[in-house]
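FYI, the numbering just counts along the sequence from 1.
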Amino acid sequence: MPEADEVDEEEEMPLSLRLSIADTLTLGNATCGFMAVYFTTTGILIPHLTGSQETGMARHSAATAVILMLCAAVFDLFDGLVARKLRSSPMGAELDNLSDLISFGLAPAYFVLVYGMVADDAHQRVAAVGAIVVLLAVVLRLARFSCVTVPNGMFQGMPSPFGALTVVSIVLLELPFVATLLAILGTAWLMVSRVEYPKPRGRLAVAMLSWIVVSMGLLAAWAFDAPSGQLLLQTGCALQLVTGAVIPLFATARRVNNFRDNRREARAAQLP
């Protein structure tokens, strides 16, 4: 009997395998990313391959896929907040990286790949190269995030959720193929660069959540062919691109000001 009790204790689930509330939100992130790939395939790629001319269905599916990526970003935002307020399981960080790879690596890269297959002026093989670059940029960015310690409150390189939404915004802008590809490659470079981006905390987290809600509304207006829906969507996509380019400038300006302040303090300390 004592031996049987020891076996039962060993068969109990260890604490490292018990999911916390934050881990559940992280799994919601991964689910949204997978469903984004599903809607991109069934609503855009398959109708194109079968010769269907239902542009409305493709527009609805594209909007649904992007909204799911936005939902994944919401899950990613809240799982970090919940993990800081409550506790996270020992595998929380690994789950977060794997989920981000699906939602912000695979899903946007697949979106670019399908864009290269269905757009009139796109080149499929070149678009496939762009999609691979996006995927590898997210892989490298997530791996570096796990290994490199950065200043508190800052990210090194564009965060993968922000990068994924920027890539998708570039595609939805419907620019010429060369301009689209260059913008996508530039976004991939920002994700693996050393450019600093602030972490979404406090007011910035509220602003990010508000922007996600606004973006969902713009996508819904576009999907249901609301008046000026196309213009509203393109305006939102353009703002996403401008924000991605402007935010690092604020971080750089702050670093320059800190450097100048330190030099002034050093000079003042040297004076008799």
Side-chain angles (χ1 to χ4, degrees), residues 29 32-33 36 62-63 65-78 80-81 100 103-105 107-109 111-112 115 130 133-134 137-138 141-142 145 150-151 153-176 179-222 228-257:
N29 172 6
C32 289
V66 179
I67 288 175
L68 284 166
M69 293 185 211
L70 290 167
C71 291
V74 173
F75 279 118
D76 184 64
L77 177 65
F78 278 101
L81 296 175
D100 286 354
S103 299
F104 311 125
F111 199 83
V112 173
Y115 154 75
V133 171
V134 170
V138 175
R141 200 228 171 283
L142 293 173
F145 177 76
V150 295
M154 301 299 293
F155 284 121
Q156 191 177 79
M158 180 182 285
S160 53
F162 198 90
L165 299 179
T166 303
V167 167
V168 171
S169 297
I170 294 169
V171 174
L172 293 177
L173 272 175
E174 298 183 358
L175 300 171
T180 299
L181 181 65
L182 291 177
I184 289 173
L185 295 179
T187 304
W189 176 82
L190 281 175
M191 283 193 280
V192 298
S193 69
R194 297 184 183 275
V195 178
E196 292 184 348
Y197 282 77
K199 292 184 178 180
R201 294 178 180 175
R203 294 181 179 178
L204 187 58
V206 175
M208 180 178 176
L209 184 61
S210 301
W211 174 243
I212 289 175
V213 173
V214 171
S215 299
M216 289 181 178
L218 296 176
L219 286 163
W222 174 66
S228 302
Q230 181 73 20
L231 178 61
L232 289 173
L233 177 67
Q234 291 183 342
T235 302
C237 292
L239 287 174
Q240 175 74 24
L241 268 65
V242 171
T243 304
V246 168
I247 286 179
L249 298 180
F250 288 105
T252 303
R254 187 181 64 175
R255 188 190 304 177
V256 171
N257 291 332

List the steps, then state whether side chain to side chain contact (heavy atoms under 4.5 Å, CB included) holds for V74 with V213. CA-CA 10 Å; V74 173; V213 173; over 6 Å; no
Output for pair (M208 CE, D76 CG), nearest 0.5 Å, gives 7.0 Å
Under a 4.5 Å cut-off applied to non-hydrogen side-chain atoms, are F111 and L172 in contact? yes
Side chain to side chain contact (heavy atoms under 4.5 Å, CB included) test vs N29 passes for just one of C71, S103, P161, namely S103
How close do P198 and F155 get, counting heavy atoms only, and between which atoms? O-CD1, 4.1 Å
Quick check: do F162 and Q240 have side-chain heavy atoms less than 4.5 Å from each other? yes
Can any side-chain N or O of Y115 pair as donor or acceptor with the backbone N or O of E174 at less than 3.5 Å? no
Less than 4.5 Å apart, side chain to side chain, heavy atoms only: is that true for L190 and T166? no
Work out which heavy atom in W222 is nearest to a heavy atom in G229; give both atom names and the distance. CB-O, 4.0 Å
Do D100 and V138 come close enough that some side-chain heavy atom pair is under 4.5 Å? no
Quick one: pull up CG in L218 and CG in L239 and give me the separation to the nearest 0.5 Å. 9.0 Å
Closest heavy-atom pair and its distance - M69, P108: CE-N, 4.1 Å
Checking S215 now: which residues fulfil side chain to side chain contact (heavy atoms under 4.5 Å, CB included) with it, not counting sequence neighbours? L70, W211
Of all heavy-atom pairs linking C32 and F75, the shortest is SG-CE1, 3.7 Å
Between A36 and A107, which heavy-atom pair has the shortest distance, and what is it? CB-CB, 4.3 Å
Rounded to the nearest 0.5 Å, what separation is found between the OG1 atom of T235 and the CD atom of Q230? 10.0 Å
Straight-line distance of F78 CZ to L209 CG, nearest 0.5 Å: 5.0 Å
Taking T180 for its side chain and L175 for its backbone only, find out whether a donor-acceptor pair lies under 3.5 Å. yes
Got a second to check how far L219's CG is from L68's CG, nearest 0.5 Å? 10.5 Å
Between R141 and P159, what is the shortest heavy-atom contact and its length? NE-CA, 3.5 Å
Using side-chain heavy atoms (C-beta onward) and a distance below 4.5 Å, is V195 in contact with M158? no
Nearest 0.5 Å, what's the CD1-CG distance between I212 and L165? 6.5 Å
